[in-house]
Amino acid sequence: MNINFHPTVTVLVPVYNVESFLPQAIECILSQTFIDFELILINDGSTDGSGTIIEHYKEKDDRIVAIHKSNEGVARTLNLGLGLARGEWIRRFDSDDTCLPGALEGQFRFLQDHPEVAMVSTQQAFQTEQGRIAWQHRMPPDRYFTGQPFRWLQPEDFYDFSPVVHGTALFRKSLVQDLGGYRTGFLTSEDNDLWLRICERHPVAVLNDCSYFLRLHDTSATRRHAASLRFYRELTLRFYEERKATGTDPLQRGEPMPAPGLSEPTAIPADPHNAPGTVYRDDLDFIYRL
């Protein structure tokens, strides 16, 4: 690690058993046209060759910081990375995904033009395990932007789908630390919980720019935690409603975290003007909400 390097951005990547996809993800980050960043790769107890791959790239580029630790899950891993980051801004990236070379530069340029913004994310397209990109299937969907170059994020946007793709989020580090970081009680949707807490207080923009590609495969976190995805996603919305009504949510009041199957949250209905459908993509092995 170059101790004299003071980057503007920290790219934060948690890594867990993704040896087949990790080199391509790292190459995409190192090939960015915006170069004023450090790359923190945190090996969260991988049992495959991911750790060796991280060390290989660390020797090639002194912007890389390599951390190896026992498995603790994504939220604790990300909070560790927040504490280690030297950048004023944090750019998330998932270790099995890819992006275009200008992705980070486009986001940072937007922040320079809109200094009031606390976080900016972008649209993404899905890609298969083999890397084939389904450009026609994106999140957020094109209709979300109504033809505009970006959209200001509102908490109510989460009722229908999750408009912020975790791997595209670029946010101010100090702000997220002031909010307490990622809340580790969320097995999944720890990102949605954070985005809701941010956009309740600060301007957040979602760019109509598809420059990030989320890979779908059998070992992805989405597939591994499929059974609890709906529970935790709906819990983030219930907590938001409680904060709006009372000023706090159960975790902020020190109450125990509900567990799947024990205290099921009541689903908050989707916006009736934007009701989702469900389409099963045989070629992507994925259920996509249109």
Between [X] and [Y], what is the shortest heavy-atom contact and its length?
| X | Y | answer |
| --- | --- | --- |
| Phe93 | Val11 | CB-CG1, 4.1 Å |
| Asp157 | Pro163 | CB-CG, 3.9 Å |
| Ser211 | Ala103 | OG-CB, 3.6 Å |
| Pro115 | Arg172 | O-NH2, 4.3 Å |
| Arg253 | Glu255 | NE-OE2, 2.9 Å |
| Pro7 | Asp36 | CA-OD1, 3.5 Å |

Do [X] and [Y] have side chains that get closer than 4.5 Å, going by heavy atoms?
| X | Y | result |
| --- | --- | --- |
| Ile90 | Val176 | no |
| His68 | Glu55 | yes |
| Phe21 | Thr98 | no |
| Lys69 | Thr77 | yes |
| Leu78 | Ile42 | no |
| Ile35 | Arg63 | yes |
| Phe186 | Phe231 | no |
| Leu214 | Met139 | no |

Is there a donor in the side chain of [X] and an acceptor in the side chain of [Y], or the other way round, less than 3.5 Å apart?
| X | Y | answer |
| --- | --- | --- |
| Gln123 | Asp142 | yes |
| Tyr232 | Glu190 | no |
| Glu38 | Thr10 | yes |
| Asn192 | Ser162 | yes |
| Glu156 | Tyr240 | yes |
| Asn43 | Ser50 | no |

Using 4.0 Å as the upper bound for N to carboxylate O, is an ion pair formed by Glu129 and Arg215?
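Salt bridge flag = no for Glu129 with Arg215.
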Residues which pass side chain to side chain contact (heavy atoms under 4.5 Å, CB included) with Ser31, listed by chain and number, not counting sequence neighbours:
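Not a single residue meets the side chain to side chain contact (heavy atoms under 4.5 Å, CB included) criterion with Ser31.
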Around Arg76, counting heavy atoms of other residues, nucleotides and ligands shown, do more than 12 lie under 6.0 Å from its CZ?
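No.
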Whether over 12 other heavy atoms sit under 6.0 Å from Leu175 CG:
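Count over threshold, so yes.
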Please enumerate all residues that pass ring-ring contact (aromatic ring centres under 6.0 Å, His included) together with Phe150, with sequence neighbours excluded.
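Partners of Phe150 under the ring-ring contact (aromatic ring centres under 6.0 Å, His included) test: Phe110, His114, Trp152.
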Going by ring-ring contact (aromatic ring centres under 6.0 Å, His included), name the residues that satisfy it together with Phe34, two or more places apart in sequence or in a different chain.
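Here the qualifying residues are Phe108.
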Given 3.5 Å as the limit, does a donor-acceptor pair link the side chain of [X] with the main chain of [Y], or not?
| X | Y | answer |
| --- | --- | --- |
| Gln107 | Leu207 | no |
| Ser95 | Pro14 | yes |
| Gln32 | Leu104 | yes |
| Asn208 | Gln148 | yes |
| Ser46 | Asn17 | yes |
| Arg233 | Phe161 | yes |
| Thr248 | Gln252 | no |
| Arg86 | Phe37 | no |

Rounded distance (nearest 0.5 Å) linking atom [atom1] of [X] with atom [atom2] of [Y]:
| X | Y | atom1 | atom2 | result |
| --- | --- | --- | --- | --- |
| Gln127 | Asp96 | CD | CG | 8.5 Å |
| Thr246 | Arg243 | OG1 | CZ | 9.5 Å |
| Glu241 | Tyr159 | CD | OH | 3.5 Å |
| Leu196 | Leu179 | CG | CG | 11.5 Å |
| Ile26 | Ile54 | CD1 | CD1 | 6.0 Å |
| Asp209 | Thr122 | CG | OG1 | 6.0 Å |

Quick one, Tyr182 with His166, criterion ring-ring contact (aromatic ring centres under 6.0 Å, His included). Give me CA distance, side-chain angles, the key distance, then yes/no.
CA-CA 12 Å; Tyr182 293 87; His166 198 177; 5.5 Å; yes
Residue list, salt bridge (charged side-chain N to carboxylate O under 4.0 Å, His left out) with Asp193, at least two apart or on another chain:
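Counting only residues at least two positions away or on another chain, Asp193 forms a salt bridge (charged side-chain N to carboxylate O under 4.0 Å, His left out) with Arg183, Arg197.
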With Arg109, which residues qualify under salt bridge (charged side-chain N to carboxylate O under 4.0 Å, His left out), at least two apart?
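Scan of Arg109 (salt bridge (charged side-chain N to carboxylate O under 4.0 Å, His left out), adjacent residues dropped) gives Glu105.
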Does Tyr144 have Arg151 sitting over its ring (NZ/CZ under 6.0 Å from centre, angle to axis within 45°)?
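Yes - Arg151 lies over the ring of Tyr144, closer than 6.0 Å to its centre and within 45° of its axis.
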Would Asn71 and Tyr16 count as a side-chain hydrogen bond (donor to acceptor under 3.5 Å, both in side chains) if you check the C-alpha gap in whole Å, the side-chain angles of each, and the deciding distance to 0.1 Å?
CA-CA 8 Å; Asn71 182 259; Tyr16 180 72; 4.7 Å; no
Between Leu30 and Tyr57, does the side chain to side chain contact (heavy atoms under 4.5 Å, CB included) criterion hold? Intermediate values first, please.
CA-CA 10 Å; Leu30 297 181; Tyr57 278 96; 4.1 Å; yes
Kindly state each residue pair satisfying salt bridge (Lys or Arg N to Asp or Glu O under 4.0 Å) with at least one member in residues 7-22, sequence neighbours excluded.
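Counting only pairs at least two positions apart or across chains, no salt bridge (Lys or Arg N to Asp or Glu O under 4.0 Å) contact touches residues 7-22.
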Linking I/L/V/M/F/W/Y whenever their side-chain heavy atoms sit closer than 4.5 Å, directly or via other members, would [X] and [Y] fall into one cluster?
| X | Y | result |
| --- | --- | --- |
| Leu82 | Met119 | yes |
| Ile29 | Leu100 | no |
| Val18 | Phe213 | no |

Side chain to side chain contact (heavy atoms under 4.5 Å, CB included) evaluation trace for Val65 with Leu84:
CA-CA 9 Å; Val65 177; Leu84 297 172; 5.8 Å; no
